[in-house]
Amino acid sequence: MPELSFAPEFDSAIPYIQRTRSYYLALGYDNPYVWAHYSNVPFTPLKKSLKASTLALITTAVPYDPSKGDQGPGAPYNAQAKFYEPYAIPSTVNPDLRIAHVGIDRKHANLSEMACWFPLNAARQAVAEQRIGNLADRFYGLPTNRSQRHTLESDAPRILQMCQVDGVDVAILVPNCPICHQSISLLARFLEEAGIPTIIIGAAKDIVEFCGVPRFVFNDFPLGNAAARPQDPQSQHIIFNLALDVLEVAPGPRTTVQSALRWSEDPRWKLDYMNIERLTKQEIESLRSEAEAARLAAKEIRQKTTGR
């Protein structure tokens with residue numbers, strides 16, 4: 001009888017909630033983060049065809065500011081580059097958005113190609129192909145807030161107001177780090193409750209589904225590259241159009257569709273991310289010092305920006 005050819009057991013969606021909890025416990029933070037979790041999920045059907053709809057893009061990436069230090073490929077986490085207020089930028093410009101978040105996969109993700117985390121070109125192509133009516137006049141940036149209350153009570157209402165001013169009919173949201181996935185999930189729920197159909201394109205399946213969202217396209221890619229594979233324009237097109245398909249046909253809330261694209265034929269990249277079992281005692285000590293310094297720096301910037 002021939003031997004069965006199964007994929008390795010670890011070749012599945014990375015358990016980010018468990019990985020991050022174990023990681024920070026090992027660094028000495030003994031109060032595990034409580035992730036947002038809902039039993040009920042809002043769902044707003046499309047009110048008009050996509051061909052007649054105005055679509056908004058929402059990101060957690062930040063406009064590049066050279067005065068805030070290194071934010072390029074290979075740069076370590078840079079707390080100075082965080083933003084704490086929602087922003088809006090005209091969709092007609094070609095922005096330089098960076099992902100300097102603490103939890104992106106710096107070892108495996110491509111940090112030099114913006115299309116991997118912000119599908120603006122794919123959205124423009126969808127308009128040109130008459131798949132959607134048009135892009136909203138602006139795209140929006142959502143801060144990565146660990147405070148679920150602040151996201152729901154401050155940031156989400158401001159993004160909703162921007163969407164309403166711009167006549168947005170549907171929204172595609174793309175997160176990057178673990179907390180980004182939670183913040184974006186909370187925003188998707190908020191917009192949906194306000195009557196705007198949404199879909200998330202993300203890479204942290206457990207965080208998004210644990211929160212509970214209307215529609216979700218899951219790409220089993222490193223954190224920070226949820227929207228495309230590097231140097232692969234076809235993947236941008238496939239993923240974006242899959243999101244549009246799910247917007248059209250999702251039967252109800254908690255609709256998750258996984259794309260068929262693989263990041264690599266070798267799945268061992270999934271073993272590295274925040275895997276405390278693969279770190280030495282010396283590495284853990286070094287990471288503990290770095291994490292505390294970053295936490296204090298981010299706290300100072302947040303207080304100066306928001307007063308909290």
Side-chain angles (χ1 to χ4, degrees), residues 17 33-50 52-60 84-88 91 119 123 132-202 204-218 226 242-257 306:
I17 292 176
Y33 187 68
V34 178
W35 295 89
H37 179 52
Y38 291 91
S39 298
N40 298 317
V41 178
F43 184 83
T44 298
L46 294 182
K47 298 181 178 68
K48 59 180 77 171
S49 70
L50 288 180
S53 295
T54 295
L55 181 144
L57 295 177
I58 302 175
T59 180
T60 58
Y84 292 96
E85 301 288 340
Y87 67 79
S91 296
I132 56 176
N134 58 277
L135 283 179
D137 289 341
R138 301 177 293 175
F139 63 85
Y140 318 111
L142 176 72
T144 303
N145 264 308
R146 291 175 61 84
S147 168
Q148 297 126 345
R149 180 179 297 277
H150 191 84
T151 295
L152 288 169
E153 295 182 356
S154 179
D155 296 339
R158 292 174 65 182
I159 296 286
L160 171 61
Q161 184 180 38
M162 294 174 188
C163 289
Q164 291 171 334
V165 167
D166 292 344
V168 169
D169 297 305
V170 295
I172 290 181
L173 306 88
V174 187
N176 293 294
C177 72
I179 296 294
C180 287
H181 279 75
Q182 175 181 252
S183 299
I184 282 287
S185 297
L186 293 172
L187 176 60
R189 294 174 54 88
F190 191 90
L191 295 178
E192 206 87 19
E193 287 174 337
I196 298 177
T198 65
I199 185 161
I200 294 172
I201 299 174
K205 186 172 186 285
D206 59 335
I207 294 171
V208 174
E209 292 186 336
F210 188 68
C211 185
V213 300
R215 306 167 192 82
F216 175 38
V217 166
F218 168 55
L242 178 59
L244 297 179
D245 290 342
V246 178
L247 267 170
E248 290 180 314
V249 305
R254 294 190 186 276
T255 296
T256 295
V257 175
T306 67

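Residue indices begin at 1 and follow the sequence shown.
When every heavy atom of F139 is checked against every heavy atom of S91, the shortest pair comes out as N-OG, 3.4 Å. Smallest separation of non-hydrogen atoms from S49 and S53: O-OG, 2.7 Å. A pairwise comparison of heavy atoms in P42 and P253 identifies O-CB, 4.1 Å as the closest pair. When every heavy atom of A171 is checked against every heavy atom of L173, the shortest pair comes out as O-CD1, 3.8 Å. In this structure, P119 and V174 approach most closely via the heavy-atom pair CD-CG2, 3.8 Å. The minimum heavy-atom distance linking S185 with C211 is given by the pair CB-SG, 3.7 Å.
No side-chain heavy atom of L152 sits less than 4.5 Å from a side-chain heavy atom of R189. D155 is not listed as a side-chain neighbour of L187, based on a closest heavy-atom distance of 4.5 Å or more. Contact check for L191 versus I58: side-chain heavy atoms found under the 4.5 Å cut-off. Residues S147 and T151 fail the side-chain proximity criterion, which asks for heavy atoms closer than 4.5 Å. The shortest distance between side-chain heavy atoms of D166 and Y140 falls below 4.5 Å. At a threshold of 4.5 Å between non-hydrogen side-chain atoms, the residues P197 and P45 do not count as touching. Looking only at side-chain heavy atoms (C-beta outward), I207 and I17 come within less than 4.5 Å of each other. Looking at Y87 and T59, their side chains come closer than 4.5 Å, going by heavy atoms from C-beta outward.
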### Message
Set out, in order, the CA-CA distance, both residues' side-chain angles and the distance that settles side-chain contact (heavy atoms from CB on, under 4.5 Å) for E192 and V213, then state yes or no.
### Response
CA-CA 9 Å; E192 206 87 19; V213 300; over 6 Å; no
### Task
Go through the steps to decide whether L57 and L55 satisfy the test side-chain contact (heavy atoms from CB on, under 4.5 Å), and finish with yes or no.
CA-CA 7 Å; L57 295 177; L55 181 144; 3.8 Å; yes
### Derivation of the side-chain contact (heavy atoms from CB on, under 4.5 Å) call for F43 and R254
CA-CA 9 Å; F43 184 83; R254 294 190 186 276; over 6 Å; no
### Query
Does the side-chain contact (heavy atoms from CB on, under 4.5 Å) test come out yes or no for Y38 and L186, once each step is laid out?
CA-CA 10 Å; Y38 291 91; L186 293 172; 3.8 Å; yes
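For the atom pair L50 CG and D245 CG, the distance stands at 9.0 Å (nearest 0.5 Å). Considering CZ of F216 and CD1 of I201, their distance stands at 10.0 Å, rounded to 0.5 Å.
Atom CD of E248 sits in a crowded spot, with more than 12 heavy atoms from other residues, nucleotides or ligands closer than 6.0 Å.
Between R215 and the options V249, I200, I199, a side-chain contact (heavy atoms from CB on, under 4.5 Å) holds for only I199.
Taking the six-membered ring where tryptophan is involved, the planes of F210 and H37 are essentially parallel, since the angle between them stays under 30° and well short of 60°. Aromatic ring orientation, W35 versus Y33: perpendicular (interplanar angle above 60°, classes split at 30° and 60°).
Proximity of a side-chain donor or acceptor of N134 to a complementary backbone N or O of T54 within less than 3.5 Å is not detected. With hydrogens and angles ignored, the 3.5 Å screen pairs no side-chain donor or acceptor of Q148 with any backbone N or O of Q182.
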